[in-house]
Amino acid sequence: MMKPKKKAVYLLWLLPLFFVLLLIGSATAYAAMMMSDEKANLFQIGNLQTKVKEIFTEPATIKPNESVIKKVTVENTGTVNQFVRVMLHPEIRLESGESTRLLPSKIGEEVLLDLNFTNWKFGEDGYYYYLNVLKPGESNAAENLFTEIKLKNDLGLEYHKAAFSLLIKVEAINCSQYAYRDAWWQGDTPSSGVLQAIDKQLAEKAE
């Protein structure tokens with residue numbers, strides 16, 4: 001496990017072929033948003049290895065509706081083909097003394113991302129699924145999930161001096177036939193909705 005340059009991140013073991021990558025960026029919202037860059041850790045289970053890649057220049061401050069370039073993708077640093085899915089968890093918190101208040105921070109409402117819905121699809125389970133096989137090698141990295149972040153323009157005064165963080169959780173599974181169903185959906189086959197469309201695309205590309 002490679003250590004990050006600045007802060008610690010924590011590994012949560014899910015399933016034998018699963019791993020979680022946490023990437024947390026902090027910010028002060030509303031009047032002046034402070035953001036810190038942090039490189040993702042790489043976690044390894046056998047030959048199944050994946051890491052989050054980002055292009056991110058730390059700004060001094062940012063105001064609502066002001067874009068911050070943050071290009072986020074996933075790279076397969078192992079030796080086997082993978083399917084991957086990503087969960088994004090934004091959080092805006094206001095701290096006062098020993099008390100902490102969580103403010104609304106929903107993607108598409110308070111937090112705006114230019115999400116790539118051509119190569120990724122958002123499922124009803126809260127995950128963004130990469131629709132192609134993620135092959136090993138830096139040159140085969142997935143297309144960006146998003147490239148910029150900004151906060152909604154008309155946030156209330158309660159957001160002044162609040163802290164913003166974005167957690168990125170990545171799960172990967174080998175491409176053997178239907179392994180992703182067992183790992184991600186408890187062996188079930190989705191019969192409706194977006195997950196059914198995702199399953200159809202992954203099933204066609206399973207090995």
Side-chain angles (χ1 to χ4, degrees), residues 1-4 8-24 38-54 71-91 105-108 111 113 115-146 165-207:
M1 181 174 71
M2 298 171 55
K3 294 183 179 179
V9 291
Y10 301 90
L11 175 63
L12 171 64
W13 297 103
L14 294 182
L15 290 172
L17 291 178
F18 274 57
F19 51 88
V20 176
L21 217 51
L22 303 185
L23 178 64
I24 303 176
E38 183 174 339
K39 300 303 180 184
N41 269 18
L42 169 64
F43 300 106
Q44 173 180 346
I45 304 177
N47 292 322
L48 190 67
Q49 306 172 52
T50 303
K51 71 176 182 179
V52 168
K53 291 185 62 178
E54 64 167 342
K71 298 180 180 180
V72 173
T73 187
V74 179
E75 178 186 343
N76 180 350
T77 57
T79 60
V80 297
N81 292 341
Q82 302 171 3
F83 289 134
V84 296
R85 66 178 186 174
V86 172
M87 179 175 284
L88 303 176
H89 182 68
E91 182 180 275
S105 56
K106 187 175 180 180
I107 293 175
V111 179
L113 305 174
L115 292 162
N116 172 5
F117 288 122
T118 300
N119 304 108
W120 298 78
K121 194 176 289 290
F122 185 62
E124 293 91 343
D125 55 359
Y127 284 89
Y128 296 87
Y129 289 81
Y130 185 54
L131 300 177
N132 298 306
V133 172
L134 186 59
K135 298 180 179 180
E138 183 177 1
S139 62
N140 294 318
E143 290 80 0
N144 291 317
L145 175 56
F146 60 90
S165 65
L166 178 64
L167 180 148
I168 302 176
K169 171 185 174 183
V170 179
E171 295 179 5
I173 190 69
N174 67 75
C175 295
S176 61
Q177 193 170 33
Y178 308 135
Y180 65 91
R181 290 179 183 170
D182 295 331
W184 293 340
W185 305 327
Q186 294 77 50
D188 294 335
T189 301
S191 58
S192 63
V194 178
L195 284 179
Q196 183 182 33
I198 293 171
D199 175 67
K200 181 179 179 180
Q201 293 195 50
L202 297 185
E204 293 174 349
K205 298 169 182 176
E207 300 172 348

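The chain is numbered in sequence order, starting from 1. Values below: every heavy atom of this structure, side chains too, minus hydrogens, waters and symmetry copies.
- The OG atom of Ser105 sits 6.5 Å away from atom CD of Glu91, with the distance rounded to the nearest 0.5 Å.
- The closest donor-acceptor contact from the side chain of Glu124 to the backbone of Val194 lies under 3.5 Å.
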side-chain contact (heavy atoms from CB on, under 4.5 Å), that's the test. Do Tyr128 and Leu115 meet it? Break it down for me. CA-CA 10 Å; Tyr128 296 87; Leu115 292 162; 3.6 Å; yes
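- Side-chain polar atoms of Glu171 and Tyr127 form a donor-acceptor pair below 3.5 angstrom.
- Atom CE in Met87 sits 7.5 Å away from atom CZ in Phe122 (nearest 0.5 Å).
- For Asp199, the side chain to side chain donor-acceptor pair (under 3.5 Å) partners at least two apart in sequence or on another chain are Tyr180, Arg181.
- Applying the salt bridge (charged side-chain N to carboxylate O under 4.0 Å, His left out) definition to pairs two or more places apart or across chains, those involving residues 134-143 are Lys53-Glu138.
- Heavy-atom minimum distance, Ala172 versus Val84: CB-CG1, 3.8 Å.
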Run the numbers on Leu202 and Trp184 for side-chain contact (heavy atoms from CB on, under 4.5 Å), then give the verdict. CA-CA 12 Å; Leu202 297 185; Trp184 293 340; 4.2 Å; yes
ask   = Are Leu113 and Leu88 close enough, and set up right, to give a side-chain contact (heavy atoms from CB on, under 4.5 Å), and what steps lead you there?
value = CA-CA 11 Å; Leu113 305 174; Leu88 303 176; 3.7 Å; yes
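- Expressed to the nearest 0.5 Å, how far CG of Asn174 lies from CD of Gln177 amounts to 12.0 Å.
- Here the closest non-hydrogen pair linking Ala141 and Thr73 is C-OG1, 4.3 Å.
- Between Ala183 and Ile173 the shortest heavy-atom distance is CB-CD1, 3.8 Å.
- A heavy-atom distance below 4.5 Å is found between the side chains of Leu167 and Lys169.
- Scanning all heavy atoms of the two residues, the minimum distance from Asn76 to Gln49 falls at OD1-O, 3.2 Å.
- Nearest heavy atom pair, residue Ala142 against residue Leu134, reads N-CD1, 3.5 Å.
- Residues satisfying the ring-ring contact (aromatic ring centres under 6.0 Å, His included) test with Phe146, not counting sequence neighbours, are none.
- Around atom NZ of Lys205, more than 12 heavy atoms belonging to other residues, nucleotides or ligands sit under 6.0 Å away.
- Two residues are said to be in side-chain contact when any heavy atoms from C-beta on lie closer than 4.5 Å; Tyr178 and Thr189 fail this criterion.
- In this structure, Leu166 and Val111 have side chains that are not in contact, with every pair of non-hydrogen atoms separated by 4.5 Å or more.
- For the pair Asn116 (side chain) and Asn144 (backbone), a donor-acceptor distance under 3.5 Å is present.
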**Request:** Decide yes or no on side-chain contact (heavy atoms from CB on, under 4.5 Å) for Gln82 and Tyr130, but give the supporting numbers first.
**Result:** CA-CA 10 Å; Gln82 302 171 3; Tyr130 185 54; over 6 Å; no
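- At a threshold of 4.5 Å between non-hydrogen side-chain atoms, the residues Val74 and Trp120 count as touching.
- Scanning both residues, Trp185 and Arg85, for their nearest heavy atoms gives NE1-NH1, 4.1 Å.
- Thr77 places none of its side-chain heavy atoms less than 4.5 Å from the side chain of Thr50.
- With hydrogens and angles disregarded, a donor-acceptor distance shorter than 3.5 Å links the side chain of Gln196 to the backbone of Ser191.
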